[in-house]
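Source: prediction; values computed, not measured. Quick note on labels: first sequence line is chain A, next is B, and so on, each numbered from 1.
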2 protein chains.
Amino acid sequence: MKKSEQKMQDILTFIEEYTKNSGYPPTYREISANVNLKSINSVKKYLDRLELSGYIKKSGFKSRSIDLVKQEIPTVNFPVVGRVAAGQPILAEQNIEDRLVISSSLIGNYDDSLLFALKVRGDSMIDAGINDGDLAIVHSQNTVENGEIAVAMVEDKATVKYFYKTKDKISLHPANALYKPIEGKNISVIGKVVAIIRKI
Amino acid sequence: MKKSEQKMQDILTFIEEYTKNSGYPPTYREISANVNLKSINSVKKYLDRLELSGYIKKSGFKSRSIDLVKQEIPTVNFPVVGRVAAGQPILAEQNIEDRLVISSSLIGNYDDSLLFALKVRGDSMIDAGINDGDLAIVHSQNTVENGEIAVAMVEDKATVKYFYKTKDKISLHPANALYKPIEGKNISVIGKVVAIIRKI
DNA sequence: ACAAAAATAGAACAAATGTTTGACTTTTAC
DNA sequence: GTAAAAGTCAAACATTTGTTCTATTTTTGT
């Protein structure tokens with residue numbers, strides 16, 4: 001590696017760290033002081049190269065206007081809801097216990113604002129690999145396809161089950177021989193389980 | 001709400017958006033032009049208030065030195081490794097297929113740089129709720145406690161199993177009656193499974 | 001409605017920051 | 001090894017940018 005390429009790398013690293021720590025990018029002089037370059041002009045030349053190479057973007061004559069064109073990992077940000085009370089909207093302020101972030105690629109291509117997480121209670125879905133205490137990532141929707149895992153409200157309580165619908169009724173199937181399917185008209189789907197997360 | 005409090009809110013929002021879009025914070029004049037304030041001095045007074053209230057931090061006389069004291073959700077960032085080849089270090093460049101981010105709170109209190117993820121192959125751990133295709137988040141370590149779920153190298157292949165050690169041998173137990181435990185001396189633990197993620 | 005307090009405006013100022021220039025030194029490529 | 005290219009340095013410059021000051025207007029609390 002050329003000596004100057006190493007310096008280019010050093011400068012880029014310094015900009016990244018500085019920006020992360022401060023919340024704003026460094027000045028040319030701050031860079032020069034930290035990468036062992038006594039000339040501000042040298043810094044400018046390196047920054048010009050970094051811009052040409054596509055690592056940063058600058059806006060001429062503006063101070064601290066180094067924009068790192070970083071390849072951030074895309075994420076989704078969603079609330080964890082605690083008890084789901086009937087009547088209330090699920091995402092009401094008082095239901096939200098926490099907020100989490102995960103890579104978008106870990107779930108499907110869903111709208112960020114329609115996602116929420118719910119702690120699974122009980123072992124009724126254990127044969128589907130969903131254990132008591134697992135966190136279910138749920139996409140809010142009023143209907144799901146047959147065979148998909150749904151979150152549904154049954155007698156004012158949220159439950160996670162396989163969803164099946166025939167022409168005359170809806171049934172929720174557990175994945176555990178110890179439990180019986182739930183059937184009835186008074187079942188409303190509130191979402192589809194799109195991912196499961198378990199802390200071990 | 002007081003009129004000036006609304007303006008304070010507007011300014012904070014503008015700073016957040018500007019910073020997100022540009023990668024660096026706005027100048028006083030840019031703020032003044034965008035929140036309908038013709039005086040730069042007014043902007044300064046608002047920023048002073050915002051700093052007193054703890055919403056931002058400034059460094060006197062520095063340009064664009066508005067640091068948003070945002071309450072970011074803490075995350076960990078780790079690689080997804082593909083095939084695990086024997087001999088090579090697991091985290092070698094060529095093994096890394098992707099990088100993911102998840103909230104720190106979803107795993108234990110582990111060192112960011114020792115985490116990696118591995119796609120689970122087979123159904124040998126299905127009774128532990130770990131299915132074929134699940135993503136195991138693994139903490140690199142050379143030993144685990146009895147009963148914990150480990151990633152171990154067996155005949156040059158990585159496998160996920162319950163770990164048990166007696167005084168004379170190590171055994172790896174599947175969670176599936178169809179499989180038999182693996183025993184032997186030629187077993188090396190490379191990590192402990194700390195979380196499971198499944199995309200449905 | 002009124003007085004006090006707060007907010008706004010405009011201008012001038014000083015510090016900082018990016019740019020340019022030219023000479024010198026080191027590195028690179030043959 | 002040598003010449004060309006690239007990198008470094010220092011200084012001067014122009015622009016941007018935060019700060020300060022004073023007067024005026026608007027808002028607030030009673």
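Put simply, CD on A:Q6 is 17 Å from C1' on C:dT28, counting in whole angstrom units. Separating the OH atom of A:Y46 from the C1' atom of C:dG18 is a distance of 19 Å, rounded to the nearest angstrom. Atom CD1 in A:I31 sits roughly 11 Å away from atom P in C:dT19 (whole-Å rounding). In this structure, B:R64 atom CZ and C:dA16 atom C1' are separated by 13 Å, rounded to whole Å. The nearest whole Å value for the distance from the CE atom in A:M8 to the P atom in D:dT8 is 12 Å. Put simply, CG on A:L47 is 9 Å from P on C:dG18, counting in whole angstrom units. The OH atom of B:Y24 sits 14 Å away from the C1' atom of C:dT17 (whole-angstrom rounding). Rounded to a whole Å, the NZ atom of A:K38 is 14 Å from the C1' atom of C:dT26.
Where B:E30 and A:L37 each meet DNA chain D at their nearest nucleotide, the meeting point lying more 5' is that of A:L37. Residue-to-nucleotide proximity on DNA chain C shows that, of B:N36 and B:S63, the 5′-proximal contact is made by B:N36.
Comparing the helix axis at one end of the helix from C:dA1-D:dT30 to C:dC30-D:dG1 with that at the other, each defined from 5 consecutive pairs, gives an inter-axis angle of 70° (nearest 10°).
Taking only side-chain nitrogens and oxygens, B:R49 comes nearer than 4.0 Å to OP1 or OP2 of C:dA7.
A search for side-chain contact (heavy atoms from CB on, under 4.5 Å) contacts involving B:T13 returns B:Q9, B:E17, not counting sequence neighbours. The side-chain contact (heavy atoms from CB on, under 4.5 Å) search around A:N142 returns none, not counting sequence neighbours. Under the side-chain contact (heavy atoms from CB on, under 4.5 Å) criterion, A:N34 pairs with A:F14, sequence neighbours left out. The ring pair (Phe, Tyr, Trp, His ring centres under 6.0 Å) test applied to A:Y55 returns no partner, not counting sequence neighbours.
Contact annotation for A:T27: backbone-only contact, meaning every heavy-atom pair under 4.0 Å involves sugar-phosphate atoms and none involves a base.
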Look for any protein N or O under 3.5 Å of an N or O in nucleotides 19-22 of chain D and output each such pair with its distance, or none.
from   : atom 1 : to    : atom 2 : distance (Å)
D:dT19 : OP1    : B:F61 : N      : 3.4
D:dT19 : OP2    : B:Y28 : OH     : 2.8
D:dT19 : OP2    : B:K44 : NZ     : 3.3
D:dC21 : N4     : B:N41 : ND2    : 2.6

For a quick test of your reading: what N or O donor-acceptor pairs under 3.5 Å do the side chains of residues 118-129 of chain A make, sequence neighbours left out?
from   : atom 1 : to     : atom 2 : distance (Å)
A:D123 : OD1    : A:Y179 : OH     : 2.7
A:S124 : OG     : A:K161 : NZ     : 3.0

Would B:I137 and B:L106 satisfy side-chain contact (heavy atoms from CB on, under 4.5 Å), going step by step from the backbone distance to the final call? CA-CA 10 Å; B:I137 315 292; B:L106 284 173; over 6 Å; no

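Sorted by first and then second residue, the pairs that involve residues 134-146 of chain B and meet salt bridge (charged side-chain N to carboxylate O under 4.0 Å, His left out), not counting sequence neighbours, are B:D134-B:R198. Residues in residues 22-50 of chain B take part in these salt bridge (charged side-chain N to carboxylate O under 4.0 Å, His left out) pairs, two or more places apart or across chains: A:K62-B:E30, B:E30-B:R64, B:K44-B:D48, B:D48-B:K58.
In this structure, A:N146 places its CG atom where more than 12 heavy-atom neighbours from other residues, nucleotides or ligands lie under 6.0 Å away.
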